[in-house]
Amino acid sequence: MKRLARGVTPVALAATALAATAPGALFAQAVGGVAGRVAAAPSGAPLEGVRVTVVGTARAAVTDPRGEYRIAGLPAGAYEITATLIGREPARRAAAVRAGEVATVDFSLRDGSLLLSDVVVTATRGLEPAKNVAATVHVLPRAAIATSPARTTDDLLREMPGVELPRTSSAVSGPEEIVSIRGADEGRTLVLLDGVPLNDPWGEWIQWNRAPRFQLDRVEVLEGGGSSLYGNYAMGGVISLVSKPIVSRGYHLLAGGGSRSAADASLYGSTVLGRLGVSLGGDYGRGGGYTLLRPDQRGPVDRPSTVARGNVNARAEYALRGGSSVFASGGYFGDDRSLGTPLSEPNQRHIWSGMAGATLASVLTGTLELRGFGQDQHYESRASRVSADRASEALLVAQRIPSHDLGGSVRWSRAAGVLETVAVGGDFRHMVGRLDEDVYSGGVVSGTRTAGGTQEVGGAYLQAVLGPIDRLRIEASLRFDAWRSHGGSRVDATTDPATVTTYPDKSNSAFAPRIGVRYALSPSLTVRSSFYRAFRAPTLSEEYRTFFAGPNTFMGNPALTPEYLTGVDLGLDWQPVPEIELRATAFLNDYKDLDDFTFLAPGPTPGSAILQRQNVGAARSRGIEGEVAVRPVREVTLAASYNYDHARVTATDAPVNRVPLHRAAVRVMYDSPRIVTGSVLLRLEGENHALGGARLAPFTVFDADVRREVARGIDLFVSVENLFDRQYVVNVSGPLESIGLPRTVRGGVVVESF
């Protein structure tokens, strides 16, 4: 993907206005910077589009057509500067900056990985070249994000190996979205946005639209148990979403529209004034919904689903000496949905969030990273019962779920001889949630129910990365976590007198080790293996929420205990020539004490039942996955991935629901800025099963994205999802079948300088 020059449109006024509110003393101090040229090795030809970053800060720059870059606003001191570009080996250089001067730092980048060119943070919680880590990691770089046909972040991830998502896109489905890695099923994967958990404080759900797809810089995926570094929710792995960096006079503007009145707008601007870097971003989208139910099953109450979403976020970073910085950010997210019938509206979510922290170099000869975060969330939803002929609808319940969380993390790390890295750290999260439910009968409220409580989860870890010889790298980490659920209660005022239940407080703990080894058999062939143990604590929703679906009652269980995973993987990375690269991994995961619904007793009406979550589940997931990239000429890249996940319930050998047996993606990309930049994406999903166990047949769809530069820094684009309008089933509920996203065409303009 081409990189766009700076200065073709005015600097983002909103970001400048933010900076102007800071005290003048921030800008009066003498600062310096770094500048230089990045060239290809050994030819010396300039490289355009290289991301150059100051380690320990969010400051960055992108090289222009002459291969030149410049980063301003750095106080005097010693810095580490990195340069990365897909298809090139990342490089790291030291720089000594003097007040009022610009240090020259040039790079010469050799041919490198086509799949893992970027440095990553998620695998070790420290900055590492992705090709060096022993764990199984995947990176979706900024070029692939920019040319993806996907409209939302979850759809963007569908071409990544190992990531298992519901077939329904968050662009049209309900707001309670899930994700799985290696057969872990819902709620067992940690999702981070700029290092802060996106996992809901009440349940396990992921609000993907809080991470605007158009403002992401890259995505990192760590597969296999990640609890040894990240603790709770990381049982299946970690997905890390990274926003665009702060660059001087950087901006991004997207405006587009398309099928079924779809409309999207995205704005991001950043600038650097003295030591202070600021950014301001916004994202809005609506439309594009459709009637989810299969055409022959629809009735008078069925209508197209609707979604309207919006984000506003601001960030500020103040540079200290030698790669140290302090930073803060804040944001608002709103989401309003109708799920396809009149009484399913509204489904609304409003979230205010904030984060503050610091990266401090030279603390006890190491680097100290501090971060605190919090969010306040309000969620409203409705559930209804539709008649068998789909002609009428009756409201059952209206729910309000207020919740909030506060948390933080600390990490200290340094290099120590044969230890490439030694680190200690920990994190903590305090979560409060409550369910307020109005119960309807005959269209009026007949009673209320309330349930909720508080949970604290925290842990500490120790990590060591060793390189005893050049070919060998060993990564070891272990972590101890403890959590406490308390203040739990439930009030059911649908009975007379009201039923009041107070749950006892409880505590629990878990231990999670991991060890990974990577060995280079030759310069082009490397083998790697990891062994891990991971866990997940039950959520507040699982412990205290009782809900009703159809005639059945699903009860919470405050006595739930942690779930566990023990797993191992073995992989190889092979790049015989710069134009071809192959990565393959085999894995085996054993899950035990999974909480699952168990029959307790017949319900109060004929055919109904009372069920409760209990730690009775066990499952085994084994499989293979692979990635291959081929670049026959500089303008053309072919990338393909395949994932086979044989996930089965141990007791019955039944498939684990919502885990596809096969997944594959093939992307062909042509990148010639003077002609056209285009991608064609083939996505295939094999047999799957809905939550109730109903079989979902395999399907294949094609997506495409084409864009053309009409002026320096201005692109016109056309994106198509489900190019051939293939109808496929995404969910089965009783006799009813929901279908996937029909052909969706979008077009618009992108104005960008990054």
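For the single chain, residues carry numbers from 1 onward in sequence order. Bear in mind that the values here come from a model prediction, so they are computed numbers and not experimental data. Only this structure's heavy atoms are used, side chains among them; waters, hydrogens and symmetry mates stay out.
Of all the heavy atoms in A135 and L222, the pair that sits closest is CB-CD1, 3.5 Å. When all heavy atoms of A647 and V659 are compared, the pair lying nearest together is CB-CG1, 3.9 Å. Looking at every heavy atom in both residues, T495 comes nearest to D492 through OG1-O, 3.3 Å. Between T152 and S169, the shortest heavy-atom contact is OG1-OG, 3.7 Å. Considering all non-hydrogen atoms of both residues, S384 and E393 come closest at OG-OE2, 2.6 Å. The nearest pair of heavy atoms linking W483 to V457 is CB-CG2, 3.6 Å.
Side-chain polar atoms of N209 and E177 form no donor-acceptor pair below 3.5 angstrom. In summary, the side chains of N589 and Y532 do present a donor paired with an acceptor at a separation below 3.5 Å, with no hydrogens or angles considered. A side-chain donor-acceptor contact under 3.5 Å links S403 and Q377.
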Item to complete: Any chance you could lay out the side chain to side chain donor-acceptor pair (under 3.5 Å) test for T598 and Q612, step after step, and finish with the verdict?
Response: CA-CA 5 Å; T598 301; Q612 184 185 54; over 6 Å; no

Discussion item. Side chain to side chain contact (heavy atoms under 4.5 Å, CB included) for T189 and R182? Distances and angles first, verdict last.
Written reply: CA-CA 10 Å; T189 298; R182 289 185 178 174; over 6 Å; no

Discussion item. Determine whether E164 and N688 satisfy the following criterion, side chain to side chain donor-acceptor pair (under 3.5 Å), listing intermediate values before the conclusion.
Written reply: CA-CA 11 Å; E164 299 157 346; N688 204 336; over 6 Å; no

Item to complete: Report the C-alpha separation of M235 and L594 in whole Å, then their side-chain angles, then the decisive distance to 0.1 Å, and conclude whether the side chain to side chain contact (heavy atoms under 4.5 Å, CB included) test is met.
Response: CA-CA 11 Å; M235 191 167 90; L594 299 175; 4.2 Å; yes

Practice prompt. Kindly determine whether R695 and V732 satisfy side chain to side chain contact (heavy atoms under 4.5 Å, CB included), including the steps that lead there.
Written response: CA-CA 8 Å; R695 179 181 178 272; V732 176; over 6 Å; no

Worksheet item: Could you go step by step and tell me if Y591 and S621 meet the side chain to side chain contact (heavy atoms under 4.5 Å, CB included) rule?
Response: CA-CA 8 Å; Y591 303 93; S621 173; 3.9 Å; yes

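The structure places CZ of R303 at 7.5 Å from OG1 of T341, a figure rounded to the nearest 0.5 Å. To the nearest 0.5 Å, atoms CG (L229) and CD (Q463) are separated by 5.0 Å. The CE atom of M431 sits 10.0 Å away from the CG atom of D200 when rounded to the nearest 0.5 Å.
Between Y544 and Y503, the ring planes are parallel. Angles under 30° get that label, and only those over 60° would be called perpendicular. A tilted orientation is assigned to the rings of H430 and H404, their planes being inclined by 30° to 60°.
The residue from T499, T546, V500 that alone fulfils the side-chain contact (heavy atoms from CB on, under 4.5 Å) condition with R490 is T546.
Pairs of residues two or more places apart, or lying in two chains, that qualify as side-chain hydrogen bond (donor to acceptor under 3.5 Å, both in side chains) and include a residue from residues 281-293 are D283-R309.
In this structure, the salt bridge (charged side-chain N to carboxylate O under 4.0 Å, His left out) partners of E542, at least two apart in sequence or on a different chain, are R536, R613. Every residue two or more places apart in sequence or in another chain was checked for a salt bridge (charged side-chain N to carboxylate O under 4.0 Å, His left out) with R533, and none qualifies. Residues passing the side chain to side chain contact (heavy atoms under 4.5 Å, CB included) test with R484 are E456, H486, D505, S507, sequence neighbours excluded. Annotation: salt bridge (charged side-chain N to carboxylate O under 4.0 Å, His left out) contacts of R125 (sequence neighbours excluded): D427. Qualifying salt bridge (charged side-chain N to carboxylate O under 4.0 Å, His left out) partners for R371, counting only residues two or more places apart in sequence or in other chains: none.
For the pair T122 (side chain) and E220 (backbone), a donor-acceptor distance under 3.5 Å is absent. Without hydrogens or angle criteria, S180 side chain to D185 main chain gives a donor-acceptor distance under 3.5 Å. Formation of a donor-acceptor pair under 3.5 Å by the E437 side chain with backbone atoms of A451 is not found in this model. Counting only distance, with no hydrogens or angles, the side chain of Q297 and the backbone of E737 share a donor-acceptor pair below 3.5 Å.
A salt bridge does not link K592 with D590: every distance from a Lys NZ or Arg NE/NH1/NH2 to an Asp or Glu carboxylate oxygen is 4.0 Å or more.
Taking the side chain as every heavy atom from C-beta outward, W208 and L165 approach each other to under 4.5 Å. At a threshold of 4.5 Å between non-hydrogen side-chain atoms, the residues L241 and I239 count as touching. Contact annotation: the side chain of N731 never approaches that of R167 to less than 4.5 Å [non-hydrogen atoms, C-beta and beyond]. The closest side-chain heavy-atom distance from V196 to R210 is not below 4.5 Å. The shortest side-chain heavy-atom distance between P513 and S228 does not fall under the 4.5 Å cut-off. Between P402 and D436, some side-chain heavy-atom pair lies under the 4.5 Å cut-off. Between R449 and V397, some side-chain heavy-atom pair lies under the 4.5 Å cut-off. The shortest distance between side-chain heavy atoms of R429 and Y233 falls below 4.5 Å.
In this structure, R620 places its CZ atom where only 12 or fewer heavy-atom neighbours from other residues, nucleotides or ligands lie under 6.0 Å away.
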